[in-house]
Amino acid sequence: MKLGSTELGRIFLAPLSGVADSPFRCICKRFGADTVYSEMVSSEGLSRENERTVEVLRFTDEEHPIGVQLFGRDPERMATSARQVEGLKPDLIDMNFACPARRIVSRGGGCALMREPETLSRIASAVVKATDLPVTAKIRIGWDDENINALEITSILEDAGVLAVAIHGRTWRQGFKGISSWEEVARVKRAAGIPVILSGDVTSGETAERALQKTGCDAVMVGRAVYGLPWIFKAIHAYLKGEEFTVPRFGEMRQVILDHVDMGIATLGEETAVMRFRKHLLWYTKGMPGVVALRPAVSRVATRQEVEMMLDRLSENLGSSEAIDGKR
Ligand SMILES: Cc1cc2nc3c(=O)[nH]c(=O)nc-3n(C[C@H](O)[C@H](O)[C@H](O)COP(=O)(O)O)c2cc1C
């Protein structure tokens, strides 16, 4: 799919706070993620130039096309944030009306705005007016089963000048549980005059193809299925082209893992980067022979050298067979 003059492709990495930071996005890009998003950035935090907010906004040339995602409920502040972010030259600005987290929803942000269509409309209009960049939004299908309103919200967003909408096919009440309703997303797609991106339960080439075909959506996002499996994008592209895909062998995975941690160290320093990397290491190594016994040590790694030592020990467990086929 295209927005303005930018080709965005159709297999996106979903925005994933606490997971899809710049190093991980670079790794996903290398494996064929078409478009990626920053972790969500608070417009309040931006106005205070909060250190963590500034760090979250960092991205590299390799990550284009990239969307920076903002959240907040004050139209003026959101507009100011959009102007600030424009200076970083992302390819689009996305507004988060999908977040279910209590600390955000209780303050009227994220998905809570789907219950306040007027405020949501004012935010969207203010952001669209504030920037020349394409503006998109991410929503859910509704608040709960009794309040499914993605169709109405999409029409409001379209009227405000939003150029595409991503829909997570779950309600606020579902959180991240249960099945994502592709039917509801399809219903919105049929009525919408702007591109629709589907989010929820895209976990493989087969599900990506089915989601695109069943809903007619312009693109799909891969969310939690990317944990430890950044090559899923290559697998999906291969599937869509009817080509074979082979899971990387241990040697290649080892290099991906070390590149990932090294990119983090380059920007955050070893201590913080390795600490944040622990969960990725647990995901990368899930299902490898002998990893269960190593898990406590994996979850405590503190230096790059310890990451390498873990990989060496796992490599020994593999013995002569380098392949870890069957690792999902
Ligand atoms: C850990 C985590 C962090 C997330 N962070 C964001 C975020 O910052 N912005 C956003 O719009 N959605 C966020 N999401 C929602 C995902 O983008 C996606 O819509 C959701 O996980 C459903 O897709 P899935 O079933 O493929 O995981 C997050 C989800 C998870 C699990």
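These numbers were taken from a predicted model, which means no experiment stands behind them. This chain uses plain numbering: 1 for the first residue, then up along the sequence. Both ligands and their constituent atoms are indexed starting at 1 by order of listing.
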Report task. For residues 268-279, pull every pair meeting side-chain hydrogen bond (donor to acceptor under 3.5 Å, both in side chains), keeping only residues two or more places apart or in separate chains. Result -> E55-R276
Query - Test log, rule ring-ring contact (aromatic ring centres under 6.0 Å, His included), inputs H260 and Y284 - result: CA-CA 11 Å; H260 184 166; Y284 277 125; 5.7 Å; yes
Query raised in the report: Can you check whether F71's main-chain N or O pairs, donor with acceptor, with S43's side chain at less than 3.5 Å?
Result: yes
Query raised in the report: Does any N or O in the side chain of T35 come within less than 3.5 Å of the main-chain N or O of L8, such that one atom is a donor and the other an acceptor?
Result: yes
Report summary line: Joining Ile, Leu, Val, Met, Phe, Trp and Tyr whenever any side-chain heavy atoms lie under 4.5 Å apart, the cluster holding W143 also takes in V105, W172
**Report entry** Under 4.0 Å from ligand 1 - residues by heavy atom, chain and number
**Finding:** A14, P15, L16, S17, M40, Q69, N96, K138, H168, R170, F176, S199, G200, D201, G223, R224, Y227
Requested in this report: Only counting residues at least two apart or in another chain, list the ones meeting side-chain hydrogen bond (donor to acceptor under 3.5 Å, both in side chains) with R122.
Outcome: none
